[in-house]
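The structure appears below as structure tokens.
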Amino acid sequence: MSMSEPLLTQIVKQQLPAGANVVTILKPVEHPAIYAADLTGDGMPEIAAVYKLDGELTLLILKFVQGQWTKMSVTKGLGYNATLLTAAPVTSTARNNLIVGWQLGSIWSKLAVYEWTEAGLTDVAPADLYFSHAEIIDMPGQHGRDGKVEIALWTHDTGEAYQVDIIRWQHGKWVPATDVYMYYFPKVVQYYEQLTQHYPDYTFYWYYLADAQYRAGLLPAALISVQKALSFNEPYPSREALLELEKQIKQSMGGSHVREITWLFPISVRTIQGTRWGYMDAQGRIRLEPVLDDARDFQPNGLAVVVKDGKAGKAGVINLNGQYVVQPVYDSINSFEEDRAIVIDAQGFKMIDEQGHVLTKRAYPFIANMKDGRALFYDTSGGQAGGDVSRYGYLDAAGNEVIRAQFVSAYDFSNGKAVVQIKVNEFALIDRNGNRLATYPYAYVGPLGDGLLAFQKETPGKYGYIDERGQVRIEPKFTTALPFSGGHAIVNTAEDYKSTYGVINTQGAFVIQPAYNDIRDLGEQRFALGQAIDPEQPFIGSLYAIADANGRRLTEFIYRDVGDYKGGLASASDGRQTVLLDLSGRPAPGYPRVEGSGTLEVVAPDLIKANVDQRLLYVNRAGQIIWRQNTIVPLQPPYRVREEKYKPNIDYLVYYPQVEGLTDQAAQLALNLKLRNLSQVKPIPADQKLDYSYTGDFDITFYQQQLLQLQLTGYNYPFGAAHGMPTMIYAIINLSSGQLYELKDLFKPNSDYVKVLSQIVGDQIKNDPQYSYVFPDTYEGISPDQPFFVTADALHLYFNPYEIAPYAAGFPTFTIPFVQIRDIINTEGSFWKAFHM
């Protein structure tokens, strides 16, 4: 039974006494205190409403009996208003409890958790359970979600500070839910990080930040915050309480030596060995030298994935001291989720814990990240037609195949359940042990979201939504139907290549009318509405406006890109500047505007990480630069390479090299002009909307004696295409003369280098299994001006994408050691002598 808000209101008003009015709940948005949910466990929803008559509140429960709504329960309320009315499984997974916040003061409410019994409604919450704000979520504990909700109670203290406690009903009583702290308290940390940024001199915000970081498991950050709180003349709540918190943090970290540990942030440095990565602290001081090939952010567990050892580099995991806790032996490592990470090596996908122990008994063709205590995997076996057949299953946190590979397709677990495909036109809902909870005889069923699943009766056909029991709740009428989240789902109603996106509620009513080229759910009850830049070419992209969950537009269509809201802030860019937006959709006061297009992220109380125009930098709240990648790379004096930026259009960006220090200024000028041209620095209209985007960059890949080798890369992406086209050119320069070398310059004038090299490459294609991807009969030899680069001991020839191999192969490259072709190398020529003096 699906009911819209107007219908619910109409039903309730028919049952109210004369002169009574339904009260209005003011937050997060104004709405009547009416809620429909199954409270008795019979599978049919009851309607709960709070009304006021003669200044007194009453909780009314209606039940649908024999074709009409009748009063099931009438209970006297408390206070003068309701701040919360919802339903969720609190005391049992079998049915919902009704949860009400009775407002007793401007910022105080009494929490009531009603359970339906034979005697009617019974409030199982203590009489003194007060709160200012509450969140009701089934939070994942040590063994994932259990189907019952936890309640996070924010109780006002002073200013905008709240004491946060999380409770659950367990074994017939309320207990602290300490096992979910690491899931929930990162949100609390974000809240207090914002406050300490706005009010850095308010000691109580630093105390609550430290406490939240401690309970979130962010121990190094908690130590910094509690020591900041201790630095005030009148620390809050008291010096003794702060010292006790500091002691607890240190004990959790393993000793007093942790004073030397601080949170770290990745930095990039351009060097003569290429771009290298290290880490700095929040003040911009280098703490781990930039010697890595890649460095990702430190995760809340104090670990970071890094890559070292060049192009064949391997991924490992370090702690905040820079020590390897997982040796760099993997091809890649995913971020940790629920204390587990997925790694890939030559054997395949495996699961490790935070100490680097491999938990899976063998390698798999694929493993997804851990979600809700289960990791999706697939295995392959030979099919009847001779091809491989993939089947999906699930691993538990110990790496065991808790649900064997048997499904045609599958989604991640959420709240203890997952949707899987059994066969064509048959999907199912399973529990964490693989038991089937429901079967859906449809062509398509999507993942879980707010108890509703997108579905398609037949292919092709429209999409609608069913509930978890398989009952159709919203009839199929959409051409696209995304999962529900926060009571809303994004849908598309367009019948052609153009898009007409809107947002519906759980009753199927549009809260944002279908009129947009794109819509993004930004979280925190905000959406980005996309208006096509060119309605006749919608694939070119959109300009976005910010709207609330009621469809009220808060801004004009001005943003080229908008990120998700976190702690009331979202990164947004108009192509020329990047800013942090507050919930009003406007640039948040007290935060900087950064020139360029990209993203901003608050990573410390006074530190903002900016990835703009494909460059990393850090700024403080005032916009002062704390760190940025260097634009000059010193070589042996007097030579150096200077980075220049060319951005004539918001869709065209090139970083190109300029070489300095040559004795012959005319030769230097001619060389740098060639480098500009090779880097695709050319006239581009400034204000015209391009039908493609182009990015170009460079790196130093080899430098020895007088030979400098620059790799110039580019990527041209036609809007709407499946993918763009990469380019790669090597500029190999003699620093003494400014000469750019060609392949022929490496060889003796009369040598048939084309024939010799063609034969070597042909033999490698024929005999080396790593080149099995080369298209049959496409290789006909190299060209006289074949693209190439050099290293200290070898010549490397490469081909462009699609030339002799599929796009996915990238630039097929063939390595030929110099010793193999020594007879034809011109060892007296300037090319060879430039790096073999």
Side-chain angles (χ1 to χ4, degrees), residues 1-53 57-75 77 81-89 95-103 112-114 116 120-121 134 136 449-452 464-469 471-475 477 484-489 491 502-513 525 548-552:
M1 183 181 295
S2 178
M3 293 173 285
S4 64
E5 183 177 291
L7 177 59
L8 288 171
T9 303
Q10 180 182 351
I11 293 170
V12 169
K13 285 185 176 179
Q14 292 173 352
Q15 302 289 334
L16 295 182
N21 293 298
V22 176
V23 304
T24 298
I25 296 176
L26 300 178
K27 294 181 179 180
V29 293
E30 289 190 15
H31 62 281
I34 301 174
Y35 197 90
D38 178 13
L39 303 177
T40 61
D42 63 357
M44 294 296 292
E46 285 73 43
I47 300 176
V50 178
Y51 66 83
K52 181 179 287 188
L53 178 63
L57 296 178
T58 301
L59 174 62
L60 171 68
I61 310 294
L62 303 178
K63 189 171 184 63
F64 194 71
V65 180
Q66 296 182 349
Q68 62 182 354
W69 290 96
T70 61
K71 295 179 181 178
M72 186 177 79
S73 172
V74 178
T75 305
N81 202 357
T83 58
L84 175 66
L85 178 63
T86 189
R95 60 187 180 187
N96 292 308
N97 296 82
L98 187 65
I99 305 169
V100 184
W102 298 111
Q103 187 166 10
V113 180
Y114 293 103
W116 181 254
L121 287 182
I136 297 117
D450 293 351
L452 296 175
Y465 292 89
I466 57 177
D467 62 22
E468 292 182 5
R469 293 176 295 174
Q471 300 298 311
V472 176
R473 294 300 185 186
I474 302 174
E475 290 293 334
K477 54 187 174 182
F484 268 89
S485 177
H488 302 93
V491 297
V503 178
I504 60 173
N505 61 20
T506 54
Q507 285 75 47
F510 278 101
V511 295
I512 298 178
Q513 292 301 313
Q525 299 294 302
D548 63 21
N550 295 319
R552 183 167 62 96

Rounded to the nearest 0.5 Å, what separates atom [atom1] in [X] from atom [atom2] in [Y]?
X	Y	atom1	atom2	result
Leu60	Thr58	CG	OG1	8.5 Å
Lys27	Leu84	NZ	CG	13.0 Å
Ile61	Ile47	CD1	CD1	10.0 Å
Tyr465	Lys477	OH	NZ	11.0 Å
Ile34	Ile11	CD1	CD1	9.0 Å
Lys63	Thr40	NZ	OG1	3.5 Å

Please find the pair of heavy atoms, one from [X] and one from [Y], that lie closest to each other, and give the distance.
X	Y	result
Ala36	Leu8	CB-CD2, 3.9 Å
Ile136	Ala88	CG2-CB, 3.9 Å
Pro17	Leu53	CB-CD2, 4.1 Å
Ile25	Thr83	CG2-O, 3.5 Å
Val12	Ala49	CG1-CB, 3.7 Å
Ala48	Leu85	O-CD2, 3.8 Å

Using modelled atom types and a 3.5 Å cut-off, is there a donor and acceptor pairing between side-chain atoms of [X] and backbone atoms of [Y]?
X	Y	result
Asn21	Lys52	no
Asp548	Asn550	yes
Asp450	Leu452	no

Considering only heavy atoms from C-beta outward, does the side chain of [X] approach that of [Y] to under 4.5 Å?
X	Y	result
Gln68	Thr70	yes
His31	Thr24	no
Trp116	Asn96	no
Phe510	Val491	yes
Gln14	Trp69	no

| task | Could you please spell out the steps behind the side-chain contact (heavy atoms from CB on, under 4.5 Å) verdict for Trp102 and Val50? | result | CA-CA 10 Å; Trp102 298 111; Val50 178; 3.7 Å; yes
| request: Check the pair Val22, Leu16 against side-chain contact (heavy atoms from CB on, under 4.5 Å), reporting the backbone distance first and the verdict last. | output: CA-CA 8 Å; Val22 176; Leu16 295 182; 3.9 Å; yes
| request: Would you indicate whether Lys71, at its atom NZ, is surrounded by more than 12 heavy atoms from other residues, nucleotides or ligands within a distance under 6.0 Å? | output: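 Atom NZ in Lys71 is crowded, with more than 12 foreign heavy atoms closer than 6.0 Å.
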| message | Ile474 vs Thr506, test: side-chain contact (heavy atoms from CB on, under 4.5 Å). Steps then yes/no. | response | CA-CA 8 Å; Ile474 302 174; Thr506 54; 6.0 Å; no
| field | Residues which pass side-chain contact (heavy atoms from CB on, under 4.5 Å) with Gln525, listed by chain and number, not counting sequence neighbours | value | His488, Ala549
| message | Tyr51: which residues meet the ring-ring contact (aromatic ring centres under 6.0 Å, His included) condition with it, sequence neighbours left out? | response |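 ring-ring contact (aromatic ring centres under 6.0 Å, His included) check on Tyr51 returns nothing, list empty.
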